[in-house]
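Written out below as structure tokens is the structure these notes cover.
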Amino acid sequence: MAIQRMDNVGIVVEDMDAAIAFFVELGMQLEGRTEVEGLFADRCTGLDGVRCDIAMIRTPDGHGRLELAKYHSPEAISAGPCNRPHNILGTHRVMFAVDDIEDTVARLRTHGAELVGELAQYEDSYRLCYVRGPEGIIVGLAEQLS
């Protein structure tokens with residue numbers, strides 16, 4: 001077999017505390033934080049002089065994880081404006097299943113989240129929306145109806 005599982009999705013952030021607070025409010029749990037640097041980090045990333053803070057957060061079921069990274073060296077490079085459209089090439093969102101989409105959106109708004117479009121319903125199956133969180137990260141939310 002080529003892979004065993006998807007281990008995590010990595011997201012580079014500028015404000016680590018704000019990003020952690022946002023995802024904890026969503027319902028994720030902080031596993032731990034550490035600093036990474038040295039030859040191992042340089043070789044793995046293809047960068048020289050890597051020094052970054054890492055925070056690992058996981059979904060309540062323990063199957064999904066995000067690795068948040070704040071680079072001190074070399075400094076993070078902006079990929080453009082934080083309000084990039086949803087149809088931009090490359091990774092553009094992480095989707096989470098939620099129990100109550102309206103409550104989740106309301107709680108995330110206290111952390112600066114804004115709807116990308118609007119709350120929409122797909123047939124009688126799902127209510128869905130995208131919110132833009134810290135660093136312009138687009139997070140999809142899906143509430144299953146049936």
Side-chain angles (χ1 to χ4, degrees), residues 2-38 40-41 44-47 50-146:
I3 62 172
Q4 296 175 352
R5 68 181 179 281
M6 186 180 84
D7 189 68
N8 68 69
V9 173
I11 301 174
V12 176
V13 300
E14 184 64 34
D15 187 336
M16 179 69 81
D17 292 331
I20 290 171
F22 177 84
F23 286 108
V24 167
E25 184 67 48
L26 182 59
M28 298 186 79
Q29 300 164 348
L30 179 64
E31 286 187 341
R33 292 176 77 160
T34 191
E35 184 174 273
V36 176
E37 64 182 324
F40 159 78
C44 185
T45 62
L47 300 170
V50 170
R51 186 174 64 82
C52 67
D53 295 328
I54 300 290
M56 191 65 73
I57 54 178
R58 64 173 157 66
T59 56
D61 67 2
H63 295 294
R65 295 180 355 180
L66 295 178
E67 179 184 284
L68 305 175
K70 176 180 175 35
Y71 279 81
H72 299 286
S73 172
E75 288 187 28
I77 300 169
S78 174
C82 285
N83 61 348
R84 295 175 295 185
H86 187 269
N87 64 340
I88 198 155
L89 294 174
T91 302
H92 65 282
R93 68 143 170 89
V94 178
M95 176 72 79
F96 295 98
V98 298
D99 292 331
D100 182 337
I101 198 166
E102 289 182 21
D103 177 65
T104 302
V105 169
R107 288 186 296 107
L108 293 178
R109 283 185 192 271
T110 67
H111 294 273
E114 298 177 354
L115 284 171
V116 172
E118 58 187 71
L119 186 60
Q121 186 163 325
Y122 177 72
E123 299 179 350
D124 293 330
S125 302
Y126 286 94
R127 295 182 72 206
L128 303 147
C129 71
Y130 295 127
V131 297
R132 191 179 312 278
E135 317 296 336
I137 300 164
I138 296 176
V139 174
L141 304 173
E143 176 184 350
Q144 187 170 3
L145 301 174
S146 57

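Quantities reported herein were computed from a predicted structural model and do not represent experimental measurements.
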**Asked** Could you go step by step and tell me if Ile20 and Arg33 meet the side-chain contact (heavy atoms from CB on, under 4.5 Å) rule?
**Response** CA-CA 10 Å; Ile20 290 171; Arg33 292 176 77 160; 3.7 Å; yes
**Request:** Taking side-chain hydrogen bond (donor to acceptor under 3.5 Å, both in side chains) as the test, write out the residues that go with Asp61, two or more places apart.
**Result:** Thr59
**Item:** CD-CE distance between Gln29 and Met56, expressed to the nearest 0.5 angstrom
**Value:** 14.0 Å
**Prompt:** To the nearest 0.5 Å, how far apart are CD in Gln144 and CG in Asp99?
**Reply:** 11.0 Å
**Gly27 to Pro60 - nearest heavy-atom pair and separation** = O-CG, 3.3 Å
**Asked** Are any non-hydrogen side-chain atoms of Val13 and Pro134 less than 4.5 angstrom apart?
**Response** no
**Prompt:** Step by step, would you call Leu47 with Tyr71 a side-chain contact (heavy atoms from CB on, under 4.5 Å)?
**Reply:** CA-CA 11 Å; Leu47 300 170; Tyr71 279 81; 4.1 Å; yes
**Request:** Nearest 0.5 Å please: distance from the CG atom of Asp53 over to the CG atom of Asp17.
**Result:** 9.5 Å
**Message:** Between Phe23 and Val94, is there a side-chain heavy-atom distance shorter than 4.5 Å?
**Reply:** no
**Item:** Whether Glu67 side chain and Asn8 backbone form a donor-acceptor pair below 3.5 Å
**Value:** no
**Complete:** Nearest heavy-atom contact between Ile101 and Leu141 is CD1-O, 3.5 Å
**Asked** If you measure from SG on Cys52 to CD on Glu35, what distance do you get to the nearest 0.5 Å?
**Response** 8.0 Å
**Asked** How many angstroms lie between atom CZ of Arg127 and atom CD of Glu102, to the nearest 0.5 angstrom?
**Response** 4.0 Å
**Message:** Is it the case that the side chain of Glu14 and the backbone of Glu135 share a donor-acceptor pair, with hydrogens and angles ignored and the cut-off at 3.5 Å?
**Reply:** no
**Request:** Determine, step by step, whether Leu66 and Met28 satisfy the side-chain contact (heavy atoms from CB on, under 4.5 Å) criterion, reporting the C-alpha distance in whole Å, the side-chain angles of both residues, the deciding distance to 0.1 Å, and the verdict.
**Result:** CA-CA 9 Å; Leu66 295 178; Met28 298 186 79; 3.9 Å; yes
**Message:** Taking atom CZ as the centre, does Phe96 end up with more than 12 heavy-atom neighbours from other residues, nucleotides or ligands that are less than 6.0 angstrom away?
**Reply:** yes
Can you list, pair by pair, the side-chain donor-acceptor contacts under 3.5 Å of residues 107-115, counting residues two or more places apart and other chains?
unit_1, atom_1, unit_2, atom_2, d
Arg107, NE, Asp103, OD2, 3.0
Arg107, NH1, Glu25, O, 2.2
Arg107, NH1, Glu25, OE2, 3.0
Thr110, OG1, Arg107, O, 2.6
His111, NE2, Glu25, OE1, 3.3

**Message:** Salt bridge or not between Asp7 and Arg65? Use side-chain N to carboxylate O under 4.0 Å.
**Reply:** yes
**Stepwise side-chain contact (heavy atoms from CB on, under 4.5 Å) test for Val139 and Leu26** = CA-CA 10 Å; Val139 174; Leu26 182 59; 4.3 Å; yes
**Request:** Could you grab the distance from atom CD1 of Ile137 to atom CZ of Arg93, nearest 0.5 Å is fine?
**Result:** 14.0 Å
**Asked** Which atom names give the shortest non-hydrogen contact between Met95 and Leu128, and what distance separates them?
**Response** CE-CD2, 4.4 Å
**Item:** Sub-4.5 Å side-chain heavy-atom contact between Ile54 and Thr34
**Value:** yes
**Request:** Check whether any side-chain heavy atom of Val50 sits under 4.5 Å from a side-chain heavy atom of Ser73, and report yes or no.
**Result:** no
